[in-house]
Q: 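Have a look at this one.
Computed from heavy atoms alone, side chains included, the values below leave out hydrogens, waters and symmetry copies.
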Amino acid sequence: MSTFPFPIPNTSALDQQTQAFPSLTPAQIDRIRPYGKVRAVSAGEILFDVGKDQMPMFVVLSGELEILQPTCSGERRLVKHEPGGFSGEINMISGRRSLAQGRVTEPGEFLEVSRENLRSLIAKDAELSEIFMRAYILRRLALITSGFGDVVLLGSIHCGGTLRLREFLSRNGHPYTYVDLDTDSQAQEILDRFQVSVKEVPVLICRGTKVLRNPTPQEVADCLELNHPVDESQVRDVIVVGGGPSGLAAAVYAASEGLDVLVIETSAPGGQAGSSSKIENYLGFPTGISGSELATRAFNQAQKFGAEVIVAHDVVRLHCDRRPYQIELDNGQKLTTRTVVIASGAQYNKPDIPNRGKFEGTGVYYGATNMEAPLCENEEIIVVGGGNSAGQAVVYLSGFAKHVHMLVRSGQLSESMSRYLIDRIESNPKVSVHYNTEIVAFDGDWHLENVQWRDKATGEVRTCPVRHVFLMTGAVPSTKWLEGCLALDSKGFIITGHDLELANGDGSKWTATRPPYLLETSLPGVFAAGDVRSGNVKRVASAVGEGSISVHLVHRVLAEG
Ligand SMILES: Cc1cc2nc3c(=O)[nH]c(=O)nc-3n(C[C@H](O)[C@H](O)[C@H](O)COP(=O)(O)OP(=O)(O)OC[C@H]3O[C@@H](n4cnc5c(N)ncnc54)[C@H](O)[C@@H]3O)c2cc1C
């Protein structure tokens, strides 16, 4: 039995108690015993501390364990575990550092289970796997909702970097406290204390010790040690490039089928889907699911099966002239692998509009999630684009904004837009669709203040006091890093399988005696899945499907020797 003082979203009080902090039955504890060792503990003993990695899990057999976090004014108690309770949250699965301290308050006996043994237990015991995974995910969610982490972010809506870092931390599932410098009366005092100038905002205080001024996501990842050290001498079964839906699906299937898999992701798991407010057409989610939630679930699932994931690192090159292949990262590390799944998807288009770059994150956005939406509260906003992602953004943001202007370059909404979105847009009095229009200028000082758009038919230019613009104007494939290695189509998407025979063979290095498999590129053992593949259908379901199929084909290549 455990008691806890902080709220868990979307659950009743009873659910909170039973699901996040269940009490294990004697029979369940007996099933855990072979994986651990019983140890006597005394009051005041610290079993693990903030910042510690690889800590074991403790099941309380008798006595009591408190979980605490240090604060400016001392410490706060997150939870108290009594007999039947157990320690840990999702970092028991991910292996990331502890966000809390575990201190014995009543002497007794605890069952200590190492992280490796916990993973074996979860793999073998379906009932306990469900109990632990659910509890750990809910506990992490509660930490995120309460902002109980080891990071304080001081930011402002006038600094584009603020939104970038908030998204990075959220999409990596890392809890943080946000201090809004625009509204917090003590902000100046905080800045003075750390001798921070306005130019250095946002500021991230990492683990209460290190002050990072306007850091890159990579610097944040390094400070929080989000990545484990990588063994460069290891030859892996498969490296997956990209942690969007297709890459995460490949990771889940590869790891669950016993392959040694590493995922490398430029930013944080989720890909384009992670920037979607609500995905309503993905099988099994009749009420829809936000892209970030889908990504978090998939990320946890991949880690549960033992997939390694590196975040905040770009793959800059595939060394394809010999096998095993080598993947080069932006820090110069070269990782060797027998097979590769390229799941690097597509990046949003950045239309050529004067001042666009200046206002990225301070009025110009490429995603419409719960990060951007509150900024639009009671404002007139613009969404640019006529496809599915623009339609979804319009529907979602109209719930926050006073009015949404949807600017469509052509004379109609895209044929690929789902009917349910068209119906909602057309029947929404808070939405005006402007066909044959395009933005010609952004204007403002620190933040976007005015937007000019032109009616292409009449040439008339209109200036509107709009502070938030969402550019959802399609995407280009992330394949520049593959230059010279693979056969690409005229738009830069990767040609696979049967289509290779139809391609002109330019850049093709096909050397095997067999024909390429379904998702195989012009390089044997290198597969492409999802939005990066020529002929893909730009849907989460197909990306997930292709990611999982690619693993089936990886097995075949590995069996070839
Ligand atoms: C706003 C929006 C809403 C959408 N809504 C829906 C919807 O409701 N339903 C639906 O079915 N589909 C929807 N889609 C489409 C869907 O999200 C995509 O089809 C899907 O995400 C494709 O998955 P993917 O894994 O192939 O690629 P992506 O999602 O593009 O993921 C690719 C990942 O690879 C990473 N990457 C790229 N290059 C590198 C590199 N060199 N090194 C390391 N990592 C790299 C990227 O950072 C990214 O995380 C939406 C798309 C958007 C943008």
Q: Check whether any side-chain heavy atom of I157 sits under 4.5 Å from a side-chain heavy atom of R467, and report yes or no.
A: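 Sidechains of R467 and I157: in contact.
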
Q: For the backbone of P202 and the side chain of T162, can you confirm whether one donor and one acceptor N or O come within less than 3.5 Å of each other?
A: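 Side chain of T162 to backbone of P202, a donor-acceptor pair under 3.5 Å: no, none is there.
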
Q: So which atom in A273 and which in V540 form the shortest heavy-atom distance, rounded to 0.1 Å?
A: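 Smallest heavy-atom distance, with atoms named: CB-CG2, 4.1 Å.
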
Q: List the atom pairs, donor and acceptor, that lie under 3.5 Å between side-chain atoms in residues 442-451 and the rest of the protein, sequence neighbours left out.
A:
residue, atom, partner, partner atom, Å
H447, ND1, T362, O, 3.4
H447, NE2, T362, O, 3.4

Q: Yes or no on side chain to side chain contact (heavy atoms under 4.5 Å, CB included) for F359 and V469, after CA distance, side-chain angles and deciding distance?
A: CA-CA 10 Å; F359 295 115; V469 174; over 6 Å; no

Q: Mind checking the CD1-CG spacing from I205 to D150? Nearest 0.5 Å is all I need.
A: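 If we round to the nearest 0.5 Å, I205:CD1 and D150:CG are 12.0 Å apart.
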
Q: Could you check Q195 against E200 for side chain to side chain contact (heavy atoms under 4.5 Å, CB included), going step by step and ending with a plain yes or no?
A: CA-CA 10 Å; Q195 295 177 341; E200 293 171 320; over 6 Å; no

Q: Of all the heavy-atom pairs spanning L143 and P175, show the shortest one and how long it is.
A: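 Heavy-atom minimum between the residues: O-CB, 3.6 Å.
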
Q: So, E219 and K210, do they make that salt bridge, N to O below 4.0 Å?
A: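 No, no charged N to carboxylate O under 4.0 Å.
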
Q: For atom NZ of K480, decide whether the heavy atoms of other residues, nucleotides or ligands shown that lie under 6.0 angstrom number more than 12.
A: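 Counting other residues, nucleotides and ligands, NZ of K480 stays at 12 neighbours or fewer.
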
Q: Out of T496, I239, I342, which one pairs with V526 under the side-chain contact (heavy atoms from CB on, under 4.5 Å) rule?
A: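 For V526, the side-chain contact (heavy atoms from CB on, under 4.5 Å) check succeeds only for I342.
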
Q: CG of N388 to OG of S418: how many Å apart, nearest 0.5 Å?
A: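 If we round to the nearest 0.5 Å, N388:CG and S418:OG are 4.0 Å apart.
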
Q: Among L204, L226, T216, whose side-chain contact (heavy atoms from CB on, under 4.5 Å) with F168 holds?
A: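 Of the listed options, the one satisfying the test is L226.
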
Q: Which pair of non-hydrogen atoms, one from I327 and one from L318, has the smallest distance, and what is that distance?
A: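 I327 and L318 have their closest heavy atoms at CD1-CD1, 3.8 Å.
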
Q: For D314 and W481, run side chain to side chain contact (heavy atoms under 4.5 Å, CB included): C-alpha distance rounded to whole Å, both residues' side-chain angles, the deciding distance at 0.1 Å, then the answer.
A: CA-CA 9 Å; D314 254 331; W481 58 281; over 6 Å; no

Q: Are S290 and N370 side-chain neighbours, meaning at least one heavy-atom pair lies under 4.5 Å?
A: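 In short, these two side chains do not touch, never coming nearer than 4.5 Å.
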
Q: Quick one: pull up OG1 in T458 and CG in N436 and give me the separation to the nearest 0.5 Å.
A: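 If I round to the nearest 0.5 Å, the distance is 9.5 Å.
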
Q: Test of understanding: with salt bridge (Lys or Arg N to Asp or Glu O under 4.0 Å), list the residues that count as partners of E426, not counting sequence neighbours.
A: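 In terms of salt bridge (Lys or Arg N to Asp or Glu O under 4.0 Å), with neighbours along the sequence ignored, E426 is linked to R419.
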
Q: Among H403, K430, H405, find the residue that satisfies the side-chain hydrogen bond (donor to acceptor under 3.5 Å, both in side chains) test when tested with E380.
A: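 So, applying the side-chain hydrogen bond (donor to acceptor under 3.5 Å, both in side chains) to E380 and each of H403, K430, H405, only H405 qualifies.
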
Q: Atom CG of L553 and atom OG of S548: how far apart are they, to the nearest 0.5 Å?
A: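 Answer rounded to 0.5 Å: 10.5 Å.
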
Q: Which residue pairs satisfy the disulfide (SG to SG under 2.5 Å) criterion with at least one member in residues 384-417, sequence neighbours excluded?
A: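 Applying disulfide (SG to SG under 2.5 Å) to every pair that reaches into residues 384-417, excluding sequence neighbours, yields nothing.
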
Q: Has H468 got a side-chain atom pairing as donor or acceptor with L375's backbone, closer than 3.5 angstrom?
A: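 Present.
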
Q: With a 4.5 Å cut-off on side-chain heavy atoms, are Q303 and I90 touching?
A: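 When only atoms from C-beta onward are counted, Q303 and I90 do not touch, as no gap falls below 4.5 Å.
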
Q: Flag the pair I279 / E293 as yes when at least one side-chain heavy-atom distance between them is below 4.5 Å, and no otherwise.
A: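 I279 vs E293: side chains apart.
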
Q: Just say parallel, tilted or perpendicular for the rings of F285 and Y282, cut-offs at 30° and 60°.
A: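 Correct class here is parallel.
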
Q: According to ring pair (Phe, Tyr, Trp, His ring centres under 6.0 Å), who are the partners of F400, at least two apart in sequence or on a separate chain?
A: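 Ring pair (Phe, Tyr, Trp, His ring centres under 6.0 Å) check on F400 returns Y396.
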
Q: Can you confirm whether the side chains of H319 and E328 place a donor and an acceptor under 3.5 Å from each other?
A: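 Present: a donor and an acceptor within the cut-off.
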
Q: Inspect the surroundings of CD in E377 and state if more than 12 heavy atoms from other residues, nucleotides or ligands are less than 6.0 Å away.
A: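 Enclosed: over 12 neighbouring heavy atoms sit under 6.0 Å from CD of E377.
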
Q: Are the side chain of N331 and the backbone N or O of H313 linked by a donor-acceptor pair below 3.5 Å?
A: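 Checking the backbone N and O of H313 against the side chain of N331, no donor-acceptor pair under 3.5 Å is found.
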
Q: Knowing that exactly one of Q347, K538, R539 qualifies, which makes a side-chain contact (heavy atoms from CB on, under 4.5 Å) with D531?
A: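 Answer after filtering Q347, K538, R539: K538.
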
Q: Do R166 and E372 come close enough that some side-chain heavy atom pair is under 4.5 Å?
A: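 Side chain of R166 against side chain of E372, heavy atoms only: no contact under 4.5 Å found.
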
Q: Of all residues at least two apart in sequence or in a different chain, which pass the disulfide bond (SG atoms under 2.5 Å apart) check with C376?
A: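 None.
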
Q: Is a side-chain N or O of S550 found less than 3.5 angstrom from the main chain of V341, in a donor-acceptor match?
A: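 A pair under 3.5 Å: no.
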
Q: Does the side chain of S94 reach to within under 4.5 Å of the side chain of N91, using non-hydrogen atoms?
A: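 Yes; the side chains approach each other to less than 4.5 Å.
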
Q: Could you check whether atom OH of Y253 has more than 12 heavy atoms from other residues, nucleotides or ligands sitting under 6.0 Å from it?
A: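 Atom OH in Y253 is not crowded, with 12 or fewer foreign heavy atoms closer than 6.0 Å.
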
Q: Which atom names give the shortest non-hydrogen contact between A343 and V532, and what distance separates them?
A: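 Heavy-atom minimum between the residues: CA-CG1, 4.5 Å.
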
Q: Under 3.5 Å, is there a donor-acceptor pair between the side chain of S246 and the main chain of E546?
A: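 No; judged by distance alone, with no hydrogens or angles, the pair does not exist.
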
Q: Under the side chain to side chain contact (heavy atoms under 4.5 Å, CB included) rule, what do L523 and Y325 come out as? Steps first, then yes or no, please.
A: CA-CA 10 Å; L523 274 177; Y325 298 113; 3.9 Å; yes

Q: Which heavy-atom pair separates V220 from P215 by the least distance, and what is that distance?
A: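 Looks like CG2-CG, 3.8 Å.
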
Q: How far does CG of L397 sit from OG1 of T369, to the nearest 0.5 angstrom?
A: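 Output value for this atom pair is 9.0 Å.
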
Q: The criterion is side-chain contact (heavy atoms from CB on, under 4.5 Å); which residues satisfy it with K350, sequence neighbours excluded?
A: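 If we apply the side-chain contact (heavy atoms from CB on, under 4.5 Å) test to K350, skipping adjacent residues, the hits are Y348, R356, E360, Y366.
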
Q: Is R171 salt-bridged to E265, cutoff N-O under 4.0 Å?
A: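 Salt bridge: no.
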
Q: E438 and salt bridge (Lys or Arg N to Asp or Glu O under 4.0 Å): which single residue from R462, R454, R409 fits?
A: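 Of the listed residues R462, R454, R409, the salt bridge (Lys or Arg N to Asp or Glu O under 4.0 Å) partner of E438 is R454.
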
Q: How many angstroms lie between atom CD of E280 and atom OH of Y420, to the nearest 0.5 angstrom?
A: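 Reported to 0.5 Å precision, the distance equals 4.5 Å.
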
